[in-house]
Number of protein chains: 2
Amino acid sequence: MADIPAKAEIGVTTGPIRGSKKIHVGPLGVAMREIHLDPSSGEPPLRVYDTSGPYTDPTARIDIMAGLPQIRRTWIEGRGDVETYDGREIRPEDNGQLGPDRSGGVPQFPRTGLNRPLRAKPGINVSQMHYARRGIITPEMEYVATRENLGREMLKDYVRDGESFGASIPDYVTPEFVRDEVARGRAIIPNNINHPESEPMAIGRNFLVKINANIGNSAVASNVASEVDKLVWSIRWGADTVMDLSTGRNIHDTREWIIRNAPVPIGTVPIYQALEKVGGIAEELTWEIFRDTLIEQAEQGVDYFTIHAGVRLPYIPLTAKRVTGIVSRGGSIMAKWCLAHHKESFLYERFDEITEIMKAYDIAYSLGDGLRPGAIADANDEAQFAELYTLGELTKRAWAQDVQVMIEGPGHVPMHKIKQNMDKQLEACGEAPFYTLGPLTTDIAPGYDHITSGIGAAMIGWYGTAMLCYVTPKEHLGLPDRDDVKVGVVTYKLAAHAADLAKGHPAAKMRDDALSRARFEFRWRDQFNLSLDPDTAESYHDQTLPAEGAKTAHFCSMCGPKFCSMKITQEVREFAAKQNAPVETFVAADEAEAGMQEMSEKFREKGGEVYLSAE
Amino acid sequence: MADIPAKAEIGVTTGPIRGSKKIHVGPLGVAMREIHLDPSSGEPPLRVYDTSGPYTDPTARIDIMAGLPQIRRTWIEGRGDVETYDGREIRPEDNGQLGPDRSGGVPQFPRTGLNRPLRAKPGINVSQMHYARRGIITPEMEYVATRENLGREMLKDYVRDGESFGASIPDYVTPEFVRDEVARGRAIIPNNINHPESEPMAIGRNFLVKINANIGNSAVASNVASEVDKLVWSIRWGADTVMDLSTGRNIHDTREWIIRNAPVPIGTVPIYQALEKVGGIAEELTWEIFRDTLIEQAEQGVDYFTIHAGVRLPYIPLTAKRVTGIVSRGGSIMAKWCLAHHKESFLYERFDEITEIMKAYDIAYSLGDGLRPGAIADANDEAQFAELYTLGELTKRAWAQDVQVMIEGPGHVPMHKIKQNMDKQLEACGEAPFYTLGPLTTDIAPGYDHITSGIGAAMIGWYGTAMLCYVTPKEHLGLPDRDDVKVGVVTYKLAAHAADLAKGHPAAKMRDDALSRARFEFRWRDQFNLSLDPDTAESYHDQTLPAEGAKTAHFCSMCGPKFCSMKITQEVREFAAKQNAPVETFVAADEAEAGMQEMSEKFREKGGEVYLSAE
């Protein structure tokens, strides 16, 4: 049993992020991170959004074998609308035909006692959308409101500045605002009642832009220890949700390890496991096997399911002339099934039955874009938009049962075609949150696709996409390792933040300003600590100026002491201060905008004197 | 003399880029690169733009101590309007007070004979703009036309697709088009008559988007060997021009080594060296010292000068309330000079005299944005735009003497404020080429600023910026090493290409399509070779699937054999091909766009039969 992790083997990174302190705010103990600044700054600690869970809390006891505390359990049971029952038994096919001893695979997560999952009492809907539509503000919604407000209360005389393309970002987020957004379907709070370890978060155009990180075993590589490590590693750097895209064997057990240790929502693509159960032969998939897989994963606590119900039989021919055909795994599996059986997709035909399952566990739909373009040449084509409009139709069908929905988007799209994706999605899907993969803005840079896609992600996030699925440097080439996961997450965090800034999110600019003040005042440590990746920032600085003194030096290696423009600017200010008038009164600001001719005349009128007397 | 490079010490990377062959096209022998594809593709070699010079030509003899062949020398002398003369003597202050033996510094470049530079005969203007305006098509313009056409002749039934925001990108570039663009000032061909080693290239909104890489010694680090290596390394990966931003000692000699070995235009910021000559004390700068420095660098062959003549005395107060004040080195040096002397900038006042020098050597202006914003908080402010309008005024003054001009731009700008920069520049500067640094779209990711700025660079390139100045991962933190230079260059190449795609450049999409076809057909080697960085692409692939066989495997490590969507898509096509009707005729394409209801009715009408008989 080669890759069974002993406790020591599952090593995850714990401890605070450099320069930061984990805090818990309000009666619900909403997790946040405070970045403390040098006293010379005279600034209060800056609060930032924190997705890292207990792993960055020095006071928390971390035991991967036991899983995380179930912070939502009392909220869920307190509503009195759920019941425990004898869960579905784990079968060999759930783990690629491994026997109960898991020989050759990964061990079962040490569950305490029997499998007694929660589900809604008969006839009850436990989705956050259902509560919201009945006017109920849940603790989950309150948690989200506090979490999203992040520092806004510190804002003084703040002036909104941004272009939000019709979004309705509030100055301040109230629990009622969260409820209303969820009720309208403009935001989702993905949290399966069987994943009480998760900290509630919202995905919606009027909230902070979120990012997702993909992890998971594949048939050719990876193991459970490294996947749990990648989970913890990705949320440390800011992943808001994590998708377990495991294929191959051990799918069930790998997922169990991940969910029990995940403080963020976990998403999956159930068709992957269903396909494994039929030996990888798409034609042999059946509704019964798929349904059984949904129940299996619902009981484990998966928070959102990617369902490719928009890949309809009549759309498949539209992909035949594409440069890269169908690039979505789920999409191609369903396309093959449809053709083999000459039948409409069972995901489409059984959609309402799937919705029945979703609402019994509060699982959110992530309606998959199985026909997304896989190349610049295929962007915004008939197949893609035909599917999108079907996803819009399915959104309304899910909403009719008060089930939460988000919509997956492309893919590979050149910059000039990105906005059309957002516009059509808003129109077709009634403002349901958009969740895009990139998009990649060119095909020619494998090895750098976190960047080709980070460009598209920042832009579509600005236009209104609610969550950005990360792309790592290994995209199209191999499986991301730990470093790739970090680079992918940080790249997408900066893209999401750039989008929040451009949308005019009230709190977004606070961090940029704090970092820029630190930069201007040569508070190097503050500059490192305020960055998305303090470790990398400091190590890059040290590669050129390793000396400890350089951390406080009033210059840096780029220009050296003589050339530092920041230093010279400060001298300019001091110089001006020494004069008998403040620098602002040299010349009235408005004059500066006047044309040159006028300026020089004024200048001459004043006898070439720059410093005007104060009176 | 610690860091004097022995011949062996200046190691530069030579040899072809993997999978590519250097070719020389037409009577002028225009350098290009051909990427050869696997015979199974049935595709001709793909021609790509090549900036790498002789270093990637296996037949070229490279000798750093001798410099590159002077390919333009006969063109320049053939015009009969230049003369050689006794050049200015190199003085100790040119190299930070080093004596003639260069003790403690870098050695003099082994010049053959005396310093006998070229300059225009008295009263003559040798700028490309001057020739263009007199209707003369120079070999430089012909070279540019061939170079920019790159593959367009291979285009069959090509449909323009893009949004160019008012640019006039032609289907095919003629020498006359190049002449006209240069005459109108919409493009520049920077090539000092004393840099005959350079291969002509154009910077303009209607040509391919170009990128610049910065290198150079600083007071605290670097040496000549590593700078020459960085030069060769940066053009290998695609830098179209290189700026030598050296400070500290050895400025003159470092620059000489760089220019003599540079097949691309070299830019500098002369004020840096002038400041060194006065011991780093800005107040002690004089017009005479600056003018002497211009002549010194003009004789060496610098192709474009960054001149911060727009930093005018009245604008300085506008920066006083900024978060990061003045972040441009040249800008802050001039600001300090202006305040110290209570005088208008001598760069502004002597502008026409500077222009006289420029036209005698055909040096292009890069009018510096000394007041560019250094933080998101300072973007698009009064100071920035006051300077921009002055740069517009100076552009017209330079054009009045037929001297080529481009305009430098920001900086740090959130996404929603980027387009305004482009729009105002076009308006203020009469479509003179815009040359921007990034812009960075957020301040919070030091260590990743090649990406925060790559986002802004791709966008502003799309809007119309002609050249993008790269930013490396070390920006704000330290001096870029070899790896940082490569990452910066490749990041900016992909941003420039994404911009070309979005603008609808006729030839841009050919490479994306070729790579995507290779991807779909599992031609792994072709996919690597067609990418901007074949070495990285292949090494990433090999990290997961090192086996040689994997290079031809019809699947990859992400999904493994069972799950590969590309493989399934191909099966879908084969499956369809086996049927008695082509896949396109399952259902008419237009039906696919019809609503679901209609679709299912049609579906039923056809008795649920998917395959319609051919007649």
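By convention in this document, chain letters (A, B, ...) are assigned in the order of the sequence lines, proteins followed by strands, and residues within each chain are numbered from 1.
In this structure, CG in A:L515 is found 9.0 Å from NE2 in B:H476, a value given to the nearest 0.5 Å. Rounding to the nearest 0.5 Å gives a distance of 8.0 Å between CG of A:D443 and NE2 of B:H497.
Among the candidates B:T442, B:D512, B:L530, the residue making the largest number of heavy-atom pairs closer than 4.5 Å to chain A is B:D512. In terms of non-hydrogen atom pairs under 4.5 Å with chain A, the most contact-rich of B:H416, B:K503, B:R322 is B:H416. Per-residue counts of heavy-atom pairs under 4.5 Å with chain A were compared for B:M459, B:R519, B:Q527; the largest is that of B:R519. By number of non-hydrogen pairs under 4.5 angstrom with chain A, the leading residue of B:I418, B:V490, B:T491 is B:V490. If you tally non-hydrogen atom pairs under 4.5 Å between each of A:G325, A:P446, A:G447, A:A508 and chain B, the highest count goes to A:P446. In terms of non-hydrogen atom pairs under 4.5 Å with chain B, the most contact-rich of A:G331, A:P414, A:A514, A:A498 is A:A498. The most heavy-atom pairs under 4.5 Å with chain A, out of B:T536, B:D378, B:I451, B:T441, come from B:I451. The candidate with the highest count of non-hydrogen atom pairs below 4.5 Å against chain B, out of A:R511, A:R517, A:E163, is A:R511.
For chain B, the nearby part of A:Q543 is the side chain; its heavy atoms alone come within less than 4.5 Å. Residue contact with chain A, scored on non-hydrogen atoms closer than 4.5 Å, is absent for B:P534. Within the 4.5 angstrom heavy-atom criterion, atoms from both the backbone and the side chain of A:V323 approach chain B. Neither the backbone nor the side chain of B:D535 comes within contact range of chain A; no heavy atoms are under 4.5 Å apart. Of the atoms belonging to A:T324, heavy atoms from both backbone and side chain fall under 4.5 Å from chain B. Contacts between A:D500 and chain B at a heavy-atom distance below 4.5 Å are absent for every atom of the residue.
Of all non-hydrogen atoms in B:D513 and A:A377, the two that sit nearest each other are OD1-CB, 3.4 Å. Across A:A502 and B:M415, no two heavy atoms sit closer than the pair CB-CB, 3.8 Å. Annotation for A:S516 and B:A375: closest pair OG-CB, 3.4 Å, computed over non-hydrogen atoms.
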Worked check of side chain to side chain contact (heavy atoms under 4.5 Å, CB included) between A:F528 and B:L477: CA-CA 9 Å; A:F528 303 148; B:L477 298 169; 3.9 Å; yes
Show your reasoning for whether side chain to side chain contact (heavy atoms under 4.5 Å, CB included) applies to B:I444 and A:K493. CA-CA 10 Å; B:I444 70 167; A:K493 284 305 270 192; over 6 Å; no
Between A:L532 and B:Y448, does a side chain to side chain contact (heavy atoms under 4.5 Å, CB included) hold up when you go through it step by step? CA-CA 9 Å; A:L532 288 176; B:Y448 299 79; 5.9 Å; no
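Side chains of A:D161 and B:K417 form a contact here, defined as non-hydrogen atoms less than 4.5 Å apart.
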